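All values derive from a computational prediction rather than experimental measurement. If you read the sequence from its start, that first residue is 1, and numbering goes on from there. Note: hydrogens, waters and symmetry copies are ignored here, and every other heavy atom, side chains too, is used.
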Amino acid sequence: MPLLKRKPFSLAEPPKDLEPNELVYQVRFTKEIFRDYQDYLNRINLYRQRVWVCKVTGKTSLTYEEALVSEKKAVEKVQQFPKELMAPALHVIQYSMLSLKDLADTIAEKLQKRLFVGAEVYGRKENGLFPCKILKVLEEVPERILYEVAWLDKNKKVMESSSVKGKDLLQRKLPFSRAVLKSFIRESTCRSSPWVLHDKLARHHGISTDLPEELRSQVFFKDGQVVCYKKRRKNEEDRKSGMEMKKESGENKKRLFDGTVMKTKKEDDQPLEEPIKYPIDDLLVQPGPEDPVFTDHPSPSRDFNVPMDCVGNLLMDGSPVLLVESHAALLRLLIEDNGEYLLAVQKRNRKLKITMINWTEYLCDFLEMTKLPELCTCMATVKRGHYGLLDAHAKLGILRELVDQVLQTDIFKEKLDEVIEQRQELGATRRGEALEEARRKREEKEQLKAEFDANGATDQQCVESREGVTANDKHSKQNGHMEKRRNGEVLSSHQGKASRNCESKLMITTSKKKAKRQNSDMDLPSDKGKDSSRKEGLEILKDDKREATKKRSKEQRKEYYEREMEKRVIRTNPLGRDRFYNRYWWFRRDGRIFFESSDSKEWGYYSSKEELDALMGSLNIKGERERELKKHLEKFFSRICAELQKRSKDMAHKIALEEAVLRRSTRVRAPPRQNPAKSFLRYVNKWKED
């Protein structure tokens, strides 16, 4: 069972006195039964929170159902653990104080040297190591162990059998992974530190359940469970120190998952409602007093030119506008693949050139090759050149079968692998640039820090040297002697140099500060001040331009990567789902946002920016699904709006062109040379004799 806060969680017991025809609420994956709908919703909300832990694998941040699936898969892997190695592994696990990783390494190291019947190992034969399989133990003596093994070839087929000594067999790899071993340890124990096996499992393999001597001073048995002395002592101290606090406020407080304390009762002993941690399931979201007024989702347009049950398949298959060109391109690809379709075409002695006139002949060859009854009935209509008279379902079935055949060709698979490699290279380049940028920033930060430390140390050294010089002067004057006399000053040579250097540095810095203050305070600066201020302004402008170009180049590189990734799109995923599990799609080739109902029977579309704004305004981010949908809509908002506006302009231009077409007369004046009234001028007498 999944763990909550690393502890077992007990399921709710069914209500008492249930009647056979009583209507109740049942949790699907735990089979718990509730009479009250609010209790059922609270339990469902708890199961959908990512606070559960898989008991077998130790995975965290799972929902209850995900933890159940994880436990099921892990148990299936644990059942593949060799039975011959189970008892030795359990002997090592019982009352071990090692951590899980160290315990798994210890067991793997011990089992590496243990051989059993059915194990695939390597044996020494003719001065080489060859794979073999242990069939049975012929002789088992402490000094000598003899095995009968079957030698295997590359395909793991038995070639011959012979007897081999135990020292000539080598097991390079265990028949299970470290993850399976860790899952086996968790599944077979009821507690850790020390690890204690389940009583039934220990008795089944004859393993003692008595505490070893070295652990009796640390742990003891209480009510059939192992308890640590330190933990018990700590619990008793906590219980004593918190007894008074529990009497006063323990009844009115409750500790949450994050450790915060929340009051569960008011001062007048009325229960308080627990705060809800959003996002939660969309259907469980209740309107709050501070929430904005959410409108209903805008109704999508449904004026399709094909039946409603064909819209989804037509969109997924590519929504071809140029129907003939699409069929011809797919048929050419099948011919280039040199497969079954090429043989069918060559059998008909056709030229390997598909045109706009003879493409239906090649389509009939394809339908004959597929031998599908629902498609073969369309062959007669296609052969007569009446492809347009076919039903929309028949046309869509032919197109779907063509696409399925193309997806199985080697040419398509090679192209797909090429696109995947290009996407991986782009991703690796992008990650490399990000790492390089982070490294450069880190180096700049360290350099600035080093310069700051160096400047601070230099200033401190100057101050200390000046203090030392003054102290030496006082000391020399008090003792009544002088070391050097130069220009009326008493200094030692080394201290004089240090003081002069420090004084010069301090003078430079103070002069710079004074110059800056004077330049800022003066209303009419001198020419030299103008030049310096102009230079500083130019440097600031250069720095700003440099930062702007860096930022612009960074944004351009990001846009470039996004464009290149879009050129190599492998598949299109929906933008998200709303609270009622309806899906929303955006195809870049069309521009519109398509709406798909939860049962995939109803379709619609939004074709204007106003409808998109209304859709985004109706989404409640307190729900998990609508939060994700709004996040993707905001991410692609600018591009979707651009495509929608472009589509609207194209439609308006098309309508304007249709309305601007003027009625023209059928009696159009012909050019003078082609005027029928003057055709006699072109008469030539062929019987005339020269």
Side-chain angles (χ1 to χ4, degrees), residues 312 314-322 325-326 329-330 332-333 336 403 406-407 409 411-441 544-577 583-596 605-613 615-616 619 627-654:
L314 192 60
L315 287 172
M316 299 306 166
D317 288 339
S319 182
V321 178
L322 302 174
E325 287 81 351
S326 301
L330 294 173
R332 288 193 196 99
L333 189 58
E336 293 175 3
V403 172
V406 168
L407 292 178
T409 58
I411 297 175
F412 180 81
K413 292 177 181 178
E414 291 174 1
K415 184 65 177 176
L416 184 62
D417 294 339
E418 182 182 349
V419 171
I420 292 173
E421 289 178 1
Q422 291 174 358
R423 287 176 63 89
Q424 291 175 351
E425 290 176 1
L426 283 171
T429 307
R430 190 171 182 179
R431 287 192 297 272
E433 290 185 357
L435 291 173
E436 184 66 23
E437 182 70 17
R439 185 187 63 79
R440 187 180 61 77
K441 288 183 178 180
D544 293 342
K545 286 182 179 179
R546 199 179 298 113
E547 291 178 0
T549 52
K550 280 184 180 180
K551 189 175 181 180
R552 198 182 307 115
S553 63
K554 196 173 181 181
E555 292 176 354
Q556 289 175 354
R557 292 292 295 173
K558 186 177 179 181
E559 292 176 358
Y560 166 76
Y561 282 125
E562 290 179 356
R563 285 197 306 270
E564 293 299 320
M565 282 290 189
E566 287 177 5
K567 291 178 184 177
R568 296 163 178 82
V569 173
I570 299 174
R571 61 177 299 172
T572 302
N573 295 321
L575 292 171
R577 298 180 296 175
R583 285 180 285 271
Y584 293 83
W585 299 82
W586 181 55
F587 302 100
R588 292 170 178 82
R589 62 178 180 270
D590 189 272
R592 294 175 290 181
I593 294 180
F594 286 90
F595 162 87
E596 180 189 5
Y605 65 88
Y606 301 109
S607 58
S608 65
K609 184 177 179 297
E610 292 74 16
E611 291 177 333
L612 177 60
D613 293 335
L615 175 63
M616 293 180 66
L619 300 176
R627 175 188 285 252
E628 195 70 19
L629 175 58
K630 190 168 185 179
K631 178 182 174 183
H632 284 90
L633 286 173
E634 290 175 349
K635 180 180 179 181
F636 299 106
F637 181 78
S638 57
R639 292 163 59 189
I640 294 174
C641 289
E643 292 292 335
L644 291 176
Q645 290 174 359
K646 181 182 176 182
R647 179 181 174 83
S648 300
K649 288 180 181 179
D650 293 342
M651 294 294 292
H653 182 65
K654 185 178 179 181

Open item on the list: Closer than 3.5 angstrom, by distance alone: can the side chain of W586 be matched with the main-chain N or O of G591 as a donor-acceptor pair?
Closed with: yes

TODO: Test F595 against Y605 for ring-ring contact (aromatic ring centres under 6.0 Å, His included), laying out the working first.
DONE: CA-CA 6 Å; F595 162 87; Y605 65 88; over 10 Å; no

- [ ] State whether D613 and K609 are salt-bridged, where the test is any N-O pair (Lys NZ or Arg NE/NH1/NH2 against Asp/Glu carboxylate O) under 4.0 Å.
- [x] yes

TODO: Check the surroundings of atom CE in M616: do more than 12 heavy atoms from other residues, nucleotides or ligands lie under 6.0 Å from it?
DONE: yes

TODO: Given salt bridge (Lys or Arg N to Asp or Glu O under 4.0 Å), test E433 with R430 step by step and report yes or no.
DONE: CA-CA 5 Å; E433 290 185 357; R430 190 171 182 179; over 6 Å; no

TODO: Can you see which heavy atom on V406 is nearest to which on F412, and at what distance?
DONE: O-CB, 3.4 Å

Open item on the list: I'd like to know if the side chain of R423 reaches the main chain of M565, judged simply by a donor and an acceptor atom lying under 3.5 Å from each other, with no hydrogens or angles considered.
Closed with: yes

- [ ] Check the pair F594 / F587 against side-chain contact (heavy atoms from CB on, under 4.5 Å), numbers first and verdict last.
- [x] CA-CA 8 Å; F594 286 90; F587 302 100; 3.7 Å; yes

Task: Closest non-hydrogen atom pair, R571 against V569 - done: O-CG1, 3.4 Å

Task: Residue list, side-chain hydrogen bond (donor to acceptor under 3.5 Å, both in side chains) with R439, at least two apart or on another chain - done: E436, E443

TODO: For side-chain contact (heavy atoms from CB on, under 4.5 Å), just list the numbers for I593 and L633, CA-CA rounded to whole Å, side-chain angles, deciding distance to a tenth of an Å, and then say yes or no.
DONE: CA-CA 10 Å; I593 294 180; L633 286 173; 4.2 Å; yes

TODO: Please test Y561 against L426 for side-chain contact (heavy atoms from CB on, under 4.5 Å), starting from the C-alpha separation and ending with a verdict.
DONE: CA-CA 7 Å; Y561 282 125; L426 283 171; 4.0 Å; yes

TODO: Return the minimal non-hydrogen interatomic distance between S607 and S648, and the atom names on each side.
DONE: O-OG, 3.9 Å

Open item on the list: Are there over 12 heavy-atom neighbours, none belonging to F636, within less than 6.0 Å of that residue's CZ?
Closed with: yes

Open item on the list: Assess the residue pair K646 and E643 against the criterion (salt bridge (Lys or Arg N to Asp or Glu O under 4.0 Å)); give the C-alpha distance rounded to whole Å, side-chain angles, the decisive distance to 0.1 Å, and a yes or no.
Closed with: CA-CA 5 Å; K646 181 182 176 182; E643 292 292 335; 5.2 Å; no

Open item on the list: Using side-chain heavy atoms (C-beta onward) and a distance below 4.5 Å, is E596 in contact with W585?
Closed with: yes

Open item on the list: For E611 and L644: C-alpha separation, side-chain torsions, deciding distance, then whether side-chain contact (heavy atoms from CB on, under 4.5 Å) applies.
Closed with: CA-CA 11 Å; E611 291 177 333; L644 291 176; over 6 Å; no

Open item on the list: Under a 3.5 Å threshold, yes or no: a donor from one side chain and an acceptor from the other, between E555 and Y560?
Closed with: no

- [ ] Determine whether D590 and R647 make a side-chain contact, defined as any pair of heavy atoms from C-beta on separated by less than 4.5 Å.
- [x] yes

